[in-house]
Enquirer: 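Sharing a structure, written as structure tokens. Questions coming.
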Amino acid sequence: MKKYNQIAAAVFACSLLLGFTGCKPKNAASAVSSDAAAKVYVAPGKYDEFYNFVSGGFSGQMSVYGLPSGRLLRVIPVFSVDPEKGWGYSEETKPMLNTSHGIVPWDDLHHVQLSKTNGEYDGKWVFGNANNTPRVARIDLKTFRTAEIIELPNSGGNHSSPFITENTEYVIAGTRFSVPPDDQNGDVPINTYKQNFKGTISFISVQKDNGAMDIAFQLQCPGVNFDLSRAGKGVSHGWFFFSCYNTEQANTLLEVNASQKDKDFIMAVNWKKAEEYIKAGKGRKQSVKYAHNVYSDITHSATSTIKTEVTVLDVKDFKDICYFFPCPKSPHGCDVSPTGEYIVGSGKLAALIPVFSFDKLQKAIAAKDFIGDFDGVPILKYESVLYGEVKKPGLGPLHTEFDNKGNAYTSMFVSSEVVKWNIKELKVVDRVPTYYSVGHLTVAGGDTKTPNGKYMVAYNKITKDRYLPTGPELSQSAQLYDISGDKMQLILDYPTIGEPHYAQIVSADLIKKNSLKFFKMEENKNPYFSNGEGGTKVVREGNKVHVYMTAIRSHLTPDNIEGVKMGDEVYFHVTNLEQDWDVPHGFAVKGADNGELLVMPGETQTLKWTPDRVGMFPMYCTDFCSALHQEMSGYIRVSPAGSNTPLLFSTGKNYPAADTTKKK
Ligand code: RUQ
Ligand code: CUA
């Protein structure tokens, strides 16, 4: 307890310090070496060597940077609407944000995971988690767009997610908040946590060829908080490791009540065993409700399906799926070394880094070296699983990644530094300050079997004085370190979008060759596609007016529309006829409370507009597409309800003036 108090005091002192002075390590500016500029300089017209996929945290998005330049290449909308991409505004993209609770326009994305084959990045997809309304998304790296989102029942706060197995057999998602299962009455006193609350882990299968996701099964585990996880690899393939906190099972003031025990747990899961039980029909069907959303690059639309069943294994009934082993004080990160032999726990309040051995874990399980059980799950003895401890690494270890020379890099939130240590010897070999309060870090290929080991990026929670002031909120910051030598060397600071949590770095060669340039017109199966300007039309169906419109440099077809009346709902189905890279057209109409559109070459997107008044409404292309972009515009006339203005539409034609406004 004394030890805890000291650490807590240190945590508190530093957070106080941060609050007032910025807890500034010395020589912040001079920490950058003189050759740093040359190391990060990517000449105009040249490509970066790596893509860096970065979580946007509370923005719900994912951003893509080039490294080593730190240039922002793209923000990918995932769990939030995004006006820059039109995501969530067009009728076609809205279903992607659907959940069993209805449309959720903004969530919180913490972790990114690139798909893997044989424990190496394969460049096909990147996955991300929605933390608040639990979901997992798959982003297609051909289009850099979200292709699929699956909601997770029986979960709350999908933090320990998404982590993937060596061959992307499964994407795994552990619940942060334990909750009563969805098919049980959740209307129970909160202080019945111990009896009624369960922690669920979801196993999402991923189809090899097209990436299609499905919830294969869920494990119902004791009620604790799952924080982070990693799949085993190499020798530990077939296993998964989850850090668990709040093993006190507290339901209030967790800050104190979930920090009582000296050790929480890491939970080891033999997922191959769980898979066997599922195949043998041992799972129980549970009725639930969750959304499964899929975007098609052929119909250029999303569908959202509500599903109603999952298969659940209750781990306390199967004694050989899950094992707990103690891990010092409120573990956060739980990372697995490139060989798969070492599992690194990071206790947020611990003053050491415990390193566990997979080999010892197997022996301890075989020897039934248990010290008891926790809600029916056996607990192994700490010493029997421990490989060793890294002593005095710094304060507040959070996350660890690995290089190709047998070293590990651990972020230290409280002491604001990255500590490099040797895995075999458990000796600290180098440390560098971060500016300030590093959360996650990533090494190029750092969670694969063969890390690249050239760069490491620290993602800092607090920026303070690093950039020009921009009011009360400053952009969060990433810092790039050259780790190719013995000493880590800070070479670049760059601002991030939202608050970065985890990120990954992958060789650009793996991705850039597959990138799509435009959608083929002949493959466009959107039901409102206009096949060329000859295919455009305006169709009235009761009070719905469907405008089949095309956009090409530099006009809209039709660009004059009359005969729309108050009470109508107008659907602009805009097809971009371009068949060339990087020529989007936008579409906007005055007063549209549903936003605007951005339409990629060969794609069709729909804006719904309900006119709120009689009059003349300009419409135009919002993306500066050509010299005559300003000419890419038109008018839509709205007449009173019941008027007999004929439905007319055209481009380049002036009909004889038929002034219907005078007639009643
Ligand atoms: S977390 S700063 Cu949400 Cu991954 Cu550790
Ligand atoms: Cu199309 Cu501007």
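Start at 1 and go down the list; that is how both ligands and their atoms are numbered. This chain uses plain numbering: 1 for the first residue, then up along the sequence.
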Enquirer: How long is the gap from CE on Met600 to CH2 on Trp581, to the nearest 0.5 Å?
Expert: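 If we round to the nearest 0.5 Å, Met600:CE and Trp581:CH2 are 13.5 Å apart.
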Enquirer: So, applying ring pair (Phe, Tyr, Trp, His ring centres under 6.0 Å) with His399, which one of His440, His110, His501, His111 is it?
Expert: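 Testing His399 for a ring pair (Phe, Tyr, Trp, His ring centres under 6.0 Å) against His440, His110, His501, His111 leaves exactly one candidate, His440.
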Enquirer: Does the side chain of Val428 reach to within under 4.5 Å of the side chain of Val390, using non-hydrogen atoms?
Expert: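 Val428 reaches Val390 side chain to side chain.
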Enquirer: If the plane angle is over 60° it's perpendicular, under 30° parallel, otherwise tilted; pick one for Tyr51 and Phe144.
Expert: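 If you compare the ring of Tyr51 with that of Phe144, the planes turn out tilted.
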Enquirer: At less than 2.8 Å, would any N/O/S atom of Cys621, backbone or side chain, sit next to atom 1 (Cu) of ligand 2?
Expert: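 True for Cys621.
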Enquirer: Suppose I only count heavy atoms of His159 and a 4.0 Å limit; which atoms of ligand 1 are within that range?
Expert: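 This gives 1 (S), 3 (Cu), 4 (Cu) as the contact atoms.
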Enquirer: Between the side chains of Asp264 and Thr247, does any donor sit under 3.5 Å from an acceptor?
Expert: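 Thr247 and Asp264 do have a side-chain donor-acceptor pair below 3.5 Å.
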Enquirer: Of all N, O or S atoms in His110, which has the smallest distance to atom 3 (Cu) of ligand 1?
Expert: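 In His110, the N, O or S atom with the shortest distance to atom 3 (Cu) of ligand 1 is ND1.
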Enquirer: Is atom 3 (Cu) of ligand 1 under 2.8 Å from any N, O or S atom of His440?
Expert: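 Not a single backbone or side-chain N, O or S atom of His440 is under 2.8 Å from atom 3 (Cu) of ligand 1.
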Enquirer: His332 heavy atoms, cut-off 4.0 Å: which ligand 1 atoms fall inside?
Expert: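 Counting atoms of ligand 1 from 1, those under 4.0 Å from His332 are 1 (S), 2 (S), 5 (Cu).
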Enquirer: Can you see whether Asn531 engages Tyr548 through a side-chain donor-acceptor pair at a distance of less than 3.5 angstrom?
Expert: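 No, no side-chain donor-acceptor contact under 3.5 Å.
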Enquirer: Regarding Ser202 and Gln218, do their side chains bring together a donor and an acceptor under 3.5 Å, going by distance alone?
Expert: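 Ser202 vs Gln218: donor-acceptor pair found between side chains.
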Enquirer: Under 4.0 Å from a heavy atom of Lys461: give me the atoms of ligand 1 that qualify, with their elements.
Expert: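 Near Lys461, the atoms of ligand 1 are 2 (S).
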Enquirer: Report, in ascending order of atom number, the atoms of ligand 1 lying under 4.0 Å from any heavy atom of His501.
Expert: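 Answer, ordered by atom number: 1 (S), 3 (Cu).
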Enquirer: If you check every N/O/S atom of His585, which is the one nearest atom 1 (Cu) of ligand 2?
Expert: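 In His585, the N, O or S atom with the shortest distance to atom 1 (Cu) of ligand 2 is ND1.
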Enquirer: Please could you name the atoms of ligand 1 that Gly439 approaches to less than 4.0 Å, counting only its heavy atoms?
Expert: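 Counting from 1, the qualifying ligand atoms are 2 (S).
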Enquirer: Would you say His111 has an N, O or S atom lying under 2.8 Å from atom 3 (Cu) of ligand 1?
Expert: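 It does not: His111 brings no N, O or S atom closer than 2.8 Å to atom 3 (Cu) of ligand 1.
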Enquirer: Closer than 2.8 Å to atom 1 (Cu) of ligand 2, do we get an N, O or S atom from Met632, backbone or side chain?
Expert: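 Yes, within the cut-off.
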Enquirer: Just say parallel, tilted or perpendicular for the rings of Tyr170 and Phe203, cut-offs at 30° and 60°.
Expert: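 The arrangement is perpendicular - the two ring planes meet at more than 60°.
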